[in-house]
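Single-structure report; data block below.
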There are 2 protein chains.
Amino acid sequence: MNIGEASRASGVTQKMIRYYESIGLIAPVKRSANSYRVYTENDVHSLAFIRRARALGFSIEQIQKLMALWHDKGRTSAEVKALAQTHVAALDVKIAEMTAMRQTLQHLVACCQGNDRPDCPILDDLAAAPDGKTVQSATA
Amino acid sequence: MNIGEASRASGVTQKMIRYYESIGLIAPVKRSANSYRVYTENDVHSLAFIRRARALGFSIEQIQKLMALWHDKGRTSAEVKALAQTHVAALDVKIAEMTAMRQTLQHLVACCQGNDRPDCPILDDLAAAPDGKTVQSATA
DNA sequence: ATGGGGCTTCCCATGATGGGAGGGTCAATA
DNA sequence: TATTGACCCTCCCATCATGGGAAGCCCCAT
């Protein structure tokens, strides 16, 4: 099948398919006489694998490792699990960062009257003297 | 003061200070005879404002608006609050996305034996038949 | 005058993705 | 058969905020 059909079947855009090929995430597929890329069901399967891994937030680099493990019959599930756990930990860090931001900001929002007057604790905090602690706590 | 001192005083890297100037987030500062940038306490204050806003996850574009409001004596706190609330909502969306990823992945991790055998529910899920629902639920 | 540190500009890279131009190909239809 | 519309190709550029580094000027202290 051509790239359009492979895209529809896998849920990966044509742009992405070509990109994945260019960076070596997937091997270059065969070309027909007109130089069109030709995909097999197997290729579509791999693309869908990538799409699902991306949906879980894995980076391309991690997906490269996941696919290697996937194709490695001699793999151990411990290897896969370790990779996944690393990613869970990274997600935890990011979630914690964003949650801290959200909390700090939400607190400021709650303190803000939101009326026609210019007084605003949000701006006050952002413009705070160097010793202010509110925002720093969100970053630390 | 020169850019190095301004950087130390504001907590914004020299690279970033020049970048902020280049994109118009801050106005170009005066130059000394040797074409060195010269900063005032006021400039440092603005840079620290930007740093704090970035630490709360505001985009450059949003910070541009925040600074305009900051300098606008005729602003209403309602405007600032609205901007902040928009950002809180965006954070909520991202946190929810990542939390969903984390949960799906953590579930798979918990199902994985993590031993010397190759059987792995994590890979099984990623390679799932097109009707599989696990990952889709993390994206939806 | 020499060395080291600070400043300048300019270019490139990141990660994953989208947009678009410019051009070739194919299949169906008028 | 000629045209049209859908498909495909490659190549370049843009995003967003940031870092790295090169090449070169400037200043101060030794």
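All chains are named by letter (A, B, ...) in the order of the sequence lines, taking the proteins before the strands, and each is independently numbered beginning at 1. Being a predicted model, the structure only gives us computed values, none of them experimental.
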Checklist line | Pair A/Asp43, A/Thr40: side-chain N/O donor-acceptor within cut-off below 3.5 Å | finding: yes
Notebook entry, point to check: Does any donor atom in the side chain of B/Asn115 or A/Ser77 lie under 3.5 Å from an acceptor atom in the other side chain?
Noted result: yes
Notebook entry, point to check: Do B/Arg8 and B/Glu5 come within less than 4.5 Å of each other through their side chains, counting heavy atoms only?
Noted result: yes
Next item on the list: Select one nucleotide: of D/dC8, D/dC9, D/dC27, the one nearest the side-chain heavy atoms of A/Ser35.
Entry: D/dC9
Margin query: For B/His45 and B/Trp70, take the angle between the two ring planes, folded into 0 to 90°, and tell me which bin it lands in: parallel under 30, tilted 30 to 60, perpendicular over 60.
Written below: perpendicular
Check: Is there a path of hydrophobic side-chain contacts, each under 4.5 Å between heavy atoms of I, L, V, M, F, W or Y residues, that connects A/Val38 with A/Val44?
Finding: no
Item checked: Those residues of residues 3-19 of chain B lying under 4.0 Å from DNA chain D by at least one heavy atom -> B/Thr13, B/Lys15, B/Met16, B/Tyr19
Item checked: Length of the line joining B/Leu47:CG and D/dT18:P, which is rounded to integer Å -> 12 Å
Notebook entry, point to check: So, do B/Gln106 and B/Val109 sit near enough that their side-chain heavy atoms are less than 4.5 Å apart?
Noted result: yes
Notebook entry, point to check: Over how many whole Å does the gap from B/Asn34 atom CG to D/dC28 atom C1' extend?
Noted result: 13 Å
Check: Please give, in whole Å, the distance from D/dC25 C1' to B/Arg37 CZ?
Finding: 14 Å
Next item on the list: Tell me which residues in residues 20-31 of chain A put a heavy atom below 4.0 Å from DNA chain D, sorted by number, or none.
Entry: A/Arg31
Note to self: Quick one, A/Glu41 with A/Met1, criterion side-chain contact (heavy atoms from CB on, under 4.5 Å). Give me CA distance, side-chain angles, the key distance, then yes/no.
What the structure shows: CA-CA 9 Å; A/Glu41 289 298 333; A/Met1 74 188 83; 3.7 Å; yes
Next item on the list: Could you grab the distance from atom CZ of A/Arg18 to atom CD1 of A/Ile3, nearest 0.5 Å is fine?
Entry: 4.0 Å
